[in-house]
Each structure stands twice: as structure tokens, then as C-alpha cells.
Visitor: 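Take a look at the following structure, please.
Just so you know, ligand 1 is whichever comes first in the structure, and atom 1 is the first atom listed for that ligand. Side chains included, hydrogens not; waters and symmetry mates left out as well; all remaining heavy atoms used.
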Amino acid sequence: MIFKLKIIAFIAISNSLTEVLTLNILAIFPLAVKSHFFVFAPYLNELANRGHNVTVISFYPQIKSSANYHDIDLSENLMPIEVNHPVSKSLFTVFLSLTIVHAIVGPFTCRILMEDENVQKLRETQVKFDLAIVEQFNSDCGLALAHVLKTPVIGMTSHTPMPWHYSRFGIPYNPSYIPFDFLEGGTHTTLFQRIRRIILYNYVNFVNHYITQVLEQNVVDEFFNDIPPLSELAQNIKLVLIYQHFMLSGSAILPPNIIEVGGYHVAKPNPLPDDLQRFIDESEHGVIYISFGSLLKPSTIPLEILKEIISALSELPQRVIWKWNKKSLPGNPKNIYLSKWLPQNDILTHPKVLVFYSHCGLLGTTEAIYNGVPVLGMPIYGDQPTNAAAIEQSGLGVQLNFDLLTKDYLLEKLKTVLDPKFRERVKLLSKAWHDRPIKAMDSAVFWTEFAARHHNLTFRSPTINVPLYQYFCLDVLFVLFLLFVGIIIGLKYLFSFLVKGIRNKYSKNLSISEKNVKVD
Ligand SMILES: *[C@@H]1O[C@H](CO)[C@@H](O)[C@H](O)[C@H]1NC(C)=O
Ligand SMILES: *[C@@H]1O[C@H](CO)[C@@H](O)[C@H](O)[C@H]1NC(C)=O
């Protein structure tokens with residue numbers, strides 16, 4: 001009770017310290033990828049619920065319209081394509097998809113954004129916004145729009161940092177221990193993994209800098225005059241809300257204006273549909289939940305591997321719920337409940353759900369730690385390898401290599417995460433995940449309002465303005481090296497001078513004594 005009173009008093013004080021203001025906010029999310037927008041939607045809705053006037057440019061207009069939330073719907077110009085990724089791993093695909101997403105899709109959506117009638121109207125009427133929220137992924141065109149509208153900007157991601165975010169926001173990058181999206185290894189790497197990281201890191205940065213930004217700069221220059229380089233606008237971003245949390249992704253070195261808000265997307269659970277509720281309730285030994293997300297098509301799993309998975313599952317007493325995109329599985333196993341769509345978070349909330357067998361998307365991973373459900377991770381592409389490594393290192397689960405999948409291998413991994421001791425530890429982890437000074441959503445909203453309140457100030461890391469040769473102290477090392485060489489040469493001369501002096505004196509004495517000898 002006293003505790004509660006204290007909190008109320010604290011809230012009252014903090015409210016009186018910070019003026020309450022309603023903001024006119026422009027949110028620019030021109031990316032046609034559902035799993036990204038799923039992260040942003042609850043936050044944008046929350047801003048509107050708290051009284052801010054939010055205008056959202058995206059491909060995903062709201063289904064139920066609410067006051068204060070206004071859509072600028074880009075899908076009127078182009079219906080987003082539902083991309084499906086086969087369940088197979090290849091480094092070549094990683095290179096190819098990174099190149100396509102950044103060098104082609106980025107500039108392409110940039111043009112769709114710029115050409116949109118309603119976006120052009122914003123510019124013509126010069127609507128005054130207090131703040132722009134711009135997704136930090138494969139396009140920086142939103143920054144040009146915010147610049148034209150003279151609006152301060154905060155950034156937002158639905159994942160851990162992309163390779164160019166490190167230099168852009170002054171986050172230290174070191175391949176030896178900093179996990180790299182798209183590649184395996186987590187924080188404990190082999191030499192081979194570090195070599196791959198360095199190559200891909202530089203490749204992606206090259207594509208971003210010399211292809212994406214150059215093409216996009218051309219597009220924005222068609223529509224606006226005097227736009228500064230997009231890279232410069234990017235560096236002026238006030239702060240970035242990043243969708244990760246150290247309890248899962250591990251301790252990272254982040255400047256204070258890069259703020260971890262991981263976890264806010266998880267909604268209050270809804271009741272399960274009757275048949276699912278019964279299926280779980282009536283399971284004697286609990287349930288294994290399987291989902292490979294919205295982008296991977298599970299039916300593309302090669303038949304021989306699929307058979308291994310099914311026969312492993314049939315050896316366990318648990319029931320199985322599987323998000324599966326076809327009507328049936330080979331052999332029609334009786335203990336498996338299939339559905340094309342499943343209320344994932346509501347399922348994970350059920351205490352009888354013991355394991356989440358997952359591709360390690362960030363949303364599902366977050367829901368797993370939120371609900372304290374151990375994860376068996378099978379990463380395929382995108383940021384899944386990083387997430388899988390994080391899951392293993394945090395103790396939330398274990399991962400398996402899809403390329404090596406056999407029945408026995410899968411059974412061994414499943415038994416590891418089904419162990420009650422393992423689950424106990426995951427429950428501890430989940431407890432710590434919820435134990436925060438302020439809820440993730442409150443934190444995201446607070447820093448958004450903070451950026452608007454203090455729009456005249458900059459919080460960016462000084463690293464951004466330090467040239468590379470200074471960052472690595474190359475100039476200092478060079479001067480010290482010269483000094484060292486100078487001292488060595490100096491000492492050498494001094495030494496040989498002294499030696500000469502002594503020798504001269506000695507040989508003089510010697511010749512005198514020789515003379516003496518002769519005289520004698
Ligand atoms: C809220 O946003 C809408 C759409 O952008 C705009 O028409 C309206 O003027 C805004 N209201 C305020 C109070 O800024
Ligand atoms: C703060 O920024 C606004 C424009 O964004 C400007 O009009 C104002 O003069 C600035 N205030 C100070 C104290 O620099």
C-alpha cells in the first residue's frame with residue numbers, strides 16, 4: 001500500500017516537472033514488410049491514445065480507425081507483395097537478399113513515398129509537425145521529407161542495429177564480440193566467423209553508402225531543392241528507439257541516445273478459441289508450439305527433413321500445435337494440431353505450453369521470454385541467426401542447425417528444453433525481463449516526448465564527427481612512432497659518439513704508452 005502511494009506521488013511530481021503537451025507527430029514507415037510494422041503499430045497507437053495527433057505514412061492503414069490516428073496509405077499506390085522465403089540456408093542468398101532489399105527496394109519505396117499525393121500535400125501546405133519518427137532500415141528518404149518540413153527526427157528499428165547504424169549513431173563495432181545480424185556466432189566467434197563478419201559488414205556498408213544513398217539522393221533531388229546529403233541528415237537524428245533488451249540480446253555498448261525499448265509490442269492475452277483451449281487443456285504432458293513466422297513457408301521444408309521432424313515429435317508424449325500453411329502433414333499425425341494462423345502470444349501464455357520451436361524472429365522470441373517459455377531455435381535467414389545465438393547465450397533456449405537436422409538430433413534438443421530444470425531457469429529470466437524501472441512502452445513514449453520537448457538540443461555521440469584516422473589514433477601513433485625512431489637514432493649517435501670518444505682517448509693513451517715502451 002505504502003509502495004503504491006509512493007508511486008502515485010512520484011508520478012504526480014514527475015508530471016508537474018514535465019509540461020504535458022500534445023504533439024503533432026509524423027511517422028514515416030514506408031516499408032512493405034509486415035513483421036516490421038507489427039512492432040511499430042502498438043507504439044503508434046499508444047501515442048494516439050495518449051492524446052498526440054499522429055499521422056502515419058505506411059503500407060498498413062489501421063483496420064479500426066481511431067481518433068488522433070491518421071493514415072497516409074501508400075498501399076493505394078502499390079499493394080505490398082507478400083514475400084515468402086523458402087526454409088533453406090545459404091550465404092549466397094544472404095548476399096543477394098541484402099543487396100536487393102537495400103540497393104533496389106530502398107530507392108524504389110523512396111520514389112513511392114515521394115510521389116504520393118498526400119505526402120506532396122504535406123509539403124505544399126508546410127504542415128507544422130513537432131516531431132518525425134522515421135524507420136531506420138533500408139531507406140533514408142523519410143529524413144528528406146522531415147527536413148523539408150523542418151521537423152526534428154527520432155529513429156526507430158524493429159531489430160538490433162544494422163551494419164551502418166554503428167558508424168551513423170556512433171555505436172562501437174567490433175566483430176570479435178558484437179553479434180552481427182544475418183550471421184551466426186553471437187558473442188563467441190571463431191576466426192572463420194569473424195572473417196565472414198568483416199567481409200559482410202564492409203559489403204553492406206558499401207552498398208548502403210555507395211548505392212542506396214546515392215540512388216535515393218537522386219530521387220529526393222528530383223522532388224526537393226537543397227537537400228543536404230542523406231548521411232548528414234541521418235547523423236542529426238536526435239535519438240533512436242531500438243527494439244532489443246539486454247536481458248535477451250546481452251549487454252551492448254550503446255550511446256545514451258540509443259535507447260532499448262524491446263518488449264512493448266506484447267499485448268494483453270485474449271481468450272483462446274475453444275478448440276485450441278481444449279486441445280491444450282486436455283494435454284496430459286503439455287504442448288510443443290511450432291511456428292516459423294509469417295515470411296517462411298513451412299511447406300518448403302524438404303520432405304526427408306519434414307519426415308525426421310514428424311517422427312521425432314511422434315516419440316514425445318507432448319501434443320503439438322503447428323503453424324502450417326497446408327491442409328495436412330505427411331502421415332496425418334494425430335497429436336498435431338495444424339492451422340494457417342494461430343494467436344501466438346495467447347498460446348504462449350498458457351502454462352501447459354512447454355516449448356516454442358521457432359525460427360527465432362524477434363517478435364516471437366520476445367513473446368517467449370515475456371511468457372517464460374523455453375525456445376528451440378532453428379534460424380534460417382535475416383536476423384534469425386543473431387537472435388538464435390542470443391537465445392542460447394541468455395539461457396532462454398537452445399538452437400539447432402537446420403542443415404544437420406535428423407530425428408535424433410532434434411529429439412536431443414527438444415529433450416534439453418523440455419527438462420523442468422531448464423524451464424525453471426527460463427522462468428527466472430522472464431521474471432528479470434519484466435523487472436524494469438519503467439515499462440517498455442512507457443519508456444518509448446517518454447523518450448519520444450523528450451525528443452520533442454528538447455528539440456533544440458543534440459544528444460548524438462561525439463564519435464560521429466571524429467575522422468577515422470583520429471578514431472583509431474593513427475596520427476598519435478604516427479607521431480609517437482616518429483618520436484621513438486628519433487630517440488633511437490639519437491641514442492645511437494650519442495652512443496657511437498661516446499664510444500668514439502672513449503676509443504680515441506684509449507688509443508691516445510695506448511700510443512703514449514707504446515712510445516714510452518719504445519723510449520724504455
Ligand atoms: C492532426 O493530423 C491531421 C492529419 O495530418 C491534420 O489534418 C490535423 O490538422 C492535425 N491536428 C492538429 C491539431 O495538429
Ligand atoms: C529552438 O529551435 C527553434 C526551431 O526549431 C528556433 O526557432 C528557436 O529559436 C530555438 N531556440 C533556441 C533557444 O535556440
Side-chain angles (χ1 to χ4, degrees), residues 17-31 37 40-78 109-110 112-135 139-156 220 223-230 232-241 256-257 444-460 462 464-465:
L17 285 179
T18 55
E19 39 188 317
V20 179
L21 72 177
T22 55
L23 302 169
N24 199 24
I25 295 175
L26 178 64
I28 311 174
F29 292 90
L31 178 72
F37 199 73
F40 307 128
Y43 156 81
L44 296 171
N45 278 310
E46 183 66 16
L47 287 175
N49 287 342
R50 296 196 190 190
H52 300 305
N53 191 48
V54 189
T55 305
V56 181
I57 306 174
S58 82
F59 284 91
Y60 302 100
Q62 344 163 60
I63 298 158
K64 259 196 309 185
S65 68
S66 68
N68 298 356
Y69 189 119
H70 313 276
D71 279 303
I72 292 184
D73 178 9
L74 297 176
S75 72
E76 284 174 5
N77 313 326
L78 177 95
T109 43
C110 174
I112 290 175
L113 174 73
M114 290 296 149
E115 280 176 349
D116 185 85
E117 245 173 54
N118 293 313
V119 171
Q120 289 187 1
K121 232 179 262 163
L122 285 183
R123 177 184 55 149
E124 282 153 18
T125 52
Q126 278 287 320
V127 185
K128 178 86 192 75
F129 288 102
D130 301 302
L131 189 71
I133 308 165
V134 182
E135 175 167 13
S139 172
D140 281 326
C141 277
L143 300 176
L145 180 61
H147 175 81
V148 169
L149 297 172
K150 302 190 180 67
T151 308
V153 175
I154 67 168
M156 203 154 192
V220 296
F223 291 84
F224 305 131
N225 299 322
D226 304 326
I227 296 288
L230 289 173
E232 207 174 279
L233 293 180
Q235 291 178 349
N236 285 333
I237 290 174
K238 302 269 168 211
L239 46 87
V240 183
L241 305 179
N257 66 333
V445 172
F446 171 84
W447 288 108
T448 307
E449 293 170 347
F450 178 93
R453 276 198 297 272
H454 308 290
H455 59 89
N456 289 73
L457 305 180
T458 314
F459 316 103
R460 68 180 184 185
I464 295 168
N465 304 89

Visitor: To the nearest 0.5 Å, tell me how far Leu143 CG sits from Thr151 OG1.
Guide: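 It is 11.5 Å, given to the nearest 0.5 Å.
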Visitor: Counting from 1, what ligand 1 atoms have a heavy atom of Thr55 closer than 4.0 Å?
Guide: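 Matching atoms, with element in brackets: 2 (O), 4 (C), 5 (O).
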Visitor: Is it true that Phe450 and Phe459 have ring centroids separated by less than 6.0 Å?
Guide: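 Yes, they do, as the ring centres are separated by less than 6.0 Å.
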Visitor: List for me each residue that meets side-chain contact (heavy atoms from CB on, under 4.5 Å) alongside His455, sequence neighbours excluded, and say none if there are none.
Guide: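 With sequence neighbours excluded, His455 shows a side-chain contact (heavy atoms from CB on, under 4.5 Å) to Pro152, given in chain and number order.
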Visitor: Determine which pairs satisfy salt bridge (charged side-chain N to carboxylate O under 4.0 Å, His left out) with at least one residue from residues 52-76, sequence neighbours left out, and list them in order.
Guide: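 Matches after skipping sequence neighbours: none remain.
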Visitor: Taking salt bridge (charged side-chain N to carboxylate O under 4.0 Å, His left out) as the cut-off, I'd like each qualifying pair that reaches into residues 45-63, sequence neighbours left out, listed once.
Guide: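 Passing the test, one end in residues 45-63: Glu46-Arg50, Arg50-Asp442.
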Visitor: At what distance, to the nearest 0.5 angstrom, does CG of Leu44 lie from CE of Met156?
Guide: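 Atom-to-atom, Leu44:CG and Met156:CE are 6.5 Å apart.
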Visitor: Strictly under 4.0 angstrom, heavy-atom based: which residues surround ligand 2?
Guide: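 Ligand 2 is contacted, at a heavy-atom distance under 4.0 Å, by His455, Asn456.
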